[in-house]
Amino acid sequence: RSRGLGDVYKRQIYTSKNFSKFCYNYFPTCEARITNPKNADDEPELQERNRKNSRLQIKQENWESVKNKVLTIVSRRYLEPSLKRIEVVRDVSSMNHTLAGTFITQVGFYRLVNAFRIRHYERLMASDSSANIGQEAAAELCGFKNRWGLTNARKRLKDFDYDLIEKYVN
């Protein structure tokens, strides 16, 4: 049987990114072939989506442990003036580097570090031994360059959820 121009068109559109819109408008039978559950496993895009979903399930199982590990590392090292994101990611086990990077990206590395520093400053100022310490010195003890760095960090972290780090604050 000879193929008409319509068959060639169907094949080209079927493989393109916006094929479903085109199929729905011009070839209603093509849409049925794509959404048919019998053929769902045959579609490369659906297979890829299924693979991604299974990877996400594995990642979700490790998510809490990686989050705890990252928060523990940052809670130990937030006073280091040259602490870098890559150093924290490297300290997490090698199988979880991607998850650690994703968590840090979602929260924001410097937001996380500054949240620990702000909590440290608040604890320091609330303690009895802080009567002799000025704001400038206390800010420097908490890892900020000066009190203006502390003030700016507080402004940027007004909407930060400190419940995330409370368990890890010493």
Side-chain angles (χ1 to χ4, degrees), residues 15-21 34-35 37 40-41 43-170:
T15 57
S16 72
K17 288 184 180 178
N18 56 0
F19 70 92
S20 64
K21 179 178 160 188
I34 293 165
T35 56
D41 292 333
E43 303 300 329
E45 289 179 18
L46 291 176
Q47 287 176 347
E48 182 63 25
R49 194 176 308 139
N50 289 340
R51 266 188 247 125
K52 285 181 182 177
N53 286 341
S54 66
R55 283 188 213 132
L56 282 175
Q57 288 173 348
I58 292 168
K59 286 180 181 179
Q60 287 172 350
E61 293 170 4
N62 295 330
W63 182 256
E64 285 299 316
S65 65
V66 169
K67 183 173 98 170
N68 291 337
K69 183 71 173 166
V70 167
L71 290 171
T72 302
I73 293 167
V74 173
S75 72
R76 286 190 205 134
R77 299 183 60 186
Y78 68 91
L79 291 175
E80 296 177 18
S82 62
L83 180 62
K84 303 276 187 269
R85 177 184 188 272
I86 191 71
E87 294 171 4
V88 174
V89 172
R90 281 186 196 145
D91 286 351
V92 176
S93 68
S94 62
M95 292 179 61
N96 294 320
H97 282 180
T98 304
L99 283 177
T102 303
F103 172 70
I104 291 170
T105 300
Q106 284 181 356
V107 175
F109 179 69
Y110 290 104
R111 287 174 54 92
L112 188 61
V113 171
N114 285 337
F116 275 101
R117 289 175 177 173
I118 289 169
R119 281 294 187 235
H120 184 103
Y121 175 82
E122 290 170 354
R123 280 193 333 244
L124 185 64
M125 295 310 284
S127 70
D128 294 335
S129 62
S130 68
N132 298 335
I133 300 176
Q135 279 188 337
E136 187 79 26
E140 289 175 6
L141 283 173
C142 296
F144 294 104
K145 289 192 181 231
N146 52 37
R147 67 185 174 122
W148 301 113
L150 169 68
T151 303
N152 289 334
R154 279 183 155 168
K155 287 178 186 176
R156 282 178 293 207
L157 292 176
K158 280 185 181 177
D159 62 338
F160 188 81
D161 182 20
Y162 285 95
D163 293 337
L164 178 69
I165 66 167
E166 286 304 320
K167 180 175 135 184
Y168 301 94
V169 176
N170 294 335

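Because the structure is a prediction, the values reported are computed rather than measured. Atoms considered below: every heavy atom in the structure, side chains included; atoms not considered: hydrogens, waters and symmetry mates.
Judged by distance alone, the side chain of R117 and the main-chain N or O of L150 form no donor-acceptor pair under 3.5 Å.
Proximity of L79 to F116: side-chain heavy atoms (C-beta onward) are nowhere separated by under 4.5 Å. Residues E136 and N146 form a side-chain contact, since some pair of their non-hydrogen atoms from C-beta on lies under 4.5 Å apart. No side-chain heavy atom of Y168 sits less than 4.5 Å from a side-chain heavy atom of V74. The shortest distance between side-chain heavy atoms of R119 and I165 falls below 4.5 Å. With a 4.5 Å cut-off on side-chain heavy atoms, M95 and N62 do not count as touching. When side chains are defined from C-beta on, E122 counts as touching R154, because their heavy atoms get closer than 4.5 Å.
In this structure, R111 forms no cation-pi arrangement with F160, as its terminal cationic atom is not both closer than 6.0 Å to the ring centre and no more than 45° off the ring axis.
For R123, there are no salt bridge (charged side-chain N to carboxylate O under 4.0 Å, His left out) partners, not counting sequence neighbours. When the side chain to side chain contact (heavy atoms under 4.5 Å, CB included) test is applied to R76, the partners found at least two apart in sequence or on another chain are T72.
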Are K167 and L71 close enough, and set up right, to give a side-chain contact (heavy atoms from CB on, under 4.5 Å), and what steps lead you there?
CA-CA 9 Å; K167 180 175 135 184; L71 290 171; over 6 Å; no
Does the pair R90 and E87 meet the rule for a salt bridge (Lys or Arg N to Asp or Glu O under 4.0 Å), with working shown?
CA-CA 5 Å; R90 281 186 196 145; E87 294 171 4; over 6 Å; no
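Rounded to the nearest 0.5 angstrom, L157 CG and Y110 OH are separated by 14.0 Å. Put simply, CD1 on I73 and CG on N68 are 11.0 Å apart, with the number rounded to the nearest 0.5 Å. To the nearest 0.5 angstrom, L141 atom CG is 6.0 Å from L124 atom CG. Y78 OH to I118 CD1: the interatomic distance, rounded to the nearest 0.5 Å, is 11.5 Å.
When all heavy atoms of G149 and R156 are compared, the closest pair comes out as O-NH2, 4.3 Å. The shortest heavy-atom contact between A100 and V70 is CB-CG2, 3.8 Å. Contact between T105 and R85 at its shortest, heavy atoms only, is OG1-NH2, 2.8 Å. Smallest separation of non-hydrogen atoms from I133 and M125: O-CE, 4.4 Å.
Aromatic ring pairs are classed by plane angle as parallel below 30°, tilted from 30° to 60° and perpendicular above 60°; the pair F103 and W63 is perpendicular.
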